[in-house]
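First the proteins, then the strands, lettered A, B, ... as listed; each starts at 1.
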There are 2 protein chains.
Amino acid sequence: MQDDRQASGQAKRKRLDPRQREREIVEGAVLYFSEVGFSGSMRDLAARLGISHALLFRYFPTKEALVDRVYERLFLSRWNPAWDALLDDRSVSLSERLMRFYAQYLAAIDNPAWVRTFVYAGLAGFNINQRYLKLIERKVIAPVARDLEKLAGRHGPAASEKALELSWGLHGEVFYLAIRRWIYGTRVTTDVEGFVALIVTKFLEGAPAALQPVRRARIRASPLTPGS
Amino acid sequence: MQDDRQASGQAKRKRLDPRQREREIVEGAVLYFSEVGFSGSMRDLAARLGISHALLFRYFPTKEALVDRVYERLFLSRWNPAWDALLDDRSVSLSERLMRFYAQYLAAIDNPAWVRTFVYAGLAGFNINQRYLKLIERKVIAPVARDLEKLAGRHGPAASEKALELSWGLHGEVFYLAIRRWIYGTRVTTDVEGFVALIVTKFLEGAPAALQPVRRARIRASPLTPGS
DNA sequence: CGCTATAATGACCATACGGTCAATAGTCTA
DNA sequence: TAGACTATTGACCGTATGGTCATTATAGCG
């Protein structure tokens, strides 16, 4: 019972180096807000950190400032620079590149803090999401779409709308796995590599075919009676 | 300016039939909570409805009761019974069935109230999501996975793990479109039918191949091979 | 029209929130 | 060890929240 944590009553007041205290606060805030959302209170967070809530306001003038910092910590500087080279390396097959990238990307984002905070931010209407998705579009979606066009035998400077949609589709499958796991709380596969191999294969086998207009026209969507 | 709405000052107190008032409250709550999340206040909601917040408590004893009602309204009774027959109709090709179903399904859920509330509920940890996804798995994912196995030449009573994952992937692509539109606020295609045709084609062309373990190794994307 | 049942309200309560500030207590240096 | 610097705190403020209740006013009826 000589554990000096807050469990068995009063924790002793500890005087830390401000930079370390700040790190602890940010770290704790990342976890806390990812769990309860940004309507969580400063008092609750402070209690979890074992400090008074007044101290939080010494390090961050407002709650909004703390939240901004959490965003920054989670999303900016989350892109691995090595991925640029990986996605661009034409000496490696597209299949290989996609599998490697998405396995690593999924591993990077597949945690509750990232996924939940990202979605919380989207619901709250922050611009962070749109900025982040623009980055994804530029660095992942568009290049993949261009490679896809090449794979389908088409040549052109820019990727078509359809190729972009298909590329977003692949991305969506990856993200949806994380959503099912961390937002809906359902049990999903833990075999990340296997999952990525599966959907990348599906993508490379199916997407070029879907790009051919003739094949699509072959399929008729006859609308059912418009109900309800 | 003889409009008797709340815009030009005081709205006259109106005495409605309780059932209609209740309907108005639920309808308004669905919209309100989908916009601001469930941390929205009863007073705010009441102001939007042009009534006092005390009246809300006459119809719903607690805020939680209102929220429950919103869930019920949005998710239960949202499954179109015609879809059961549609998905099960073996006289129609799987391609046709998938395109029809997902075009209608997407049309049904592709609105801010549904998508945002569903995700809010997931973040809040309600069981509604898991119940709903179990329904989706039973009625959509599993049957599609079985049909997929058949398409790939496999026969068995139950669908394999991989087939289920692939089927979830298709579903995820559809849902991700709605997420991009209503949660991230990015501009995405409004051509629902075209989008669904695209990803269903990709699914049917790619997923059977992805199910074959041998085929996966065969894939060699050789981009930029000069002289081909 | 006058009466009544009850839909609707305003004022109120306890609590929880973001934010402030003077007082307190660790830690490091002389 | 004495002192000073400052990280940390408890008490406090104004506001907003979920929820209650006696009072008020409106629609329907005789």
Listing time: all N or O pairs from protein to nucleotides 20-24 of chain D that are below 3.5 Å?
unit_1 : atom_1 : unit_2  : atom_2 : d
D:dT24 : O2     : B:Arg13 : NH1    : 2.9

Tell me which pairs pass salt bridge (charged side-chain N to carboxylate O under 4.0 Å, His left out) where either residue lies in residues 56-66 of chain A, with sequence neighbours left out.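 Checked against salt bridge (charged side-chain N to carboxylate O under 4.0 Å, His left out) - neighbours excluded - no pair reaches residues 56-66 of chain A.
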
Does anything in residues 124-145 of chain B form a salt bridge (charged side-chain N to carboxylate O under 4.0 Å, His left out)? List the pairs, not counting sequence neighbours.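 Qualifying pairs, neighbours excluded: B:Asp84-B:Lys139.
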
Please confirm whether the ring centroid of [X] lies under 6.0 Å from the ring centroid of [Y].
{"X": "A:Tyr132", "Y": "A:Trp79", "result": "no"}
{"X": "A:Tyr176", "Y": "B:Tyr176", "result": "no"}
{"X": "B:Phe118", "Y": "B:Phe75", "result": "yes"}

Checking B:Gln130 now: which residues fulfil side-chain contact (heavy atoms from CB on, under 4.5 Å) with it, not counting sequence neighbours?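 B:Gln130 satisfies side-chain contact (heavy atoms from CB on, under 4.5 Å) with A:Thr186 only.
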
Using the side-chain contact (heavy atoms from CB on, under 4.5 Å) criterion, which residues pair with B:Val192? Sequence neighbours excluded.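 Testing B:Val192 for side-chain contact (heavy atoms from CB on, under 4.5 Å), a comparison that skips the adjacent residues, returns B:Leu106, B:Val196.
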
Among residues 17-39 of chain B, which residues get a heavy atom nearer than 4.0 Å to DNA chain D?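 When residues 17-39 of chain B is checked for heavy atoms under 4.0 Å from DNA chain D, there are no hits whatsoever.
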
Can a donor-acceptor pair under 3.5 Å be found between the side-chain atoms of B:Arg15 and the base atoms of D:dG28?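 Such a pair does not exist between side chain and base.
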
Does a nitrogen or oxygen in the side chain of [X] sit under 4.0 Å from OP1 or OP2 of [N]?
{"X": "A:Ser41", "N": "C:dA16", "answer": "no"}
{"X": "A:Arg58", "N": "D:dT8", "answer": "no"}
{"X": "A:Tyr59", "N": "D:dT8", "answer": "yes"}

Any donor-acceptor pair under 3.5 Å linking the side-chain atoms of B:Ser160 with those of B:Glu149?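 A pair is found: one side chain offers a donor N or O, the other an acceptor, under 3.5 Å apart.
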
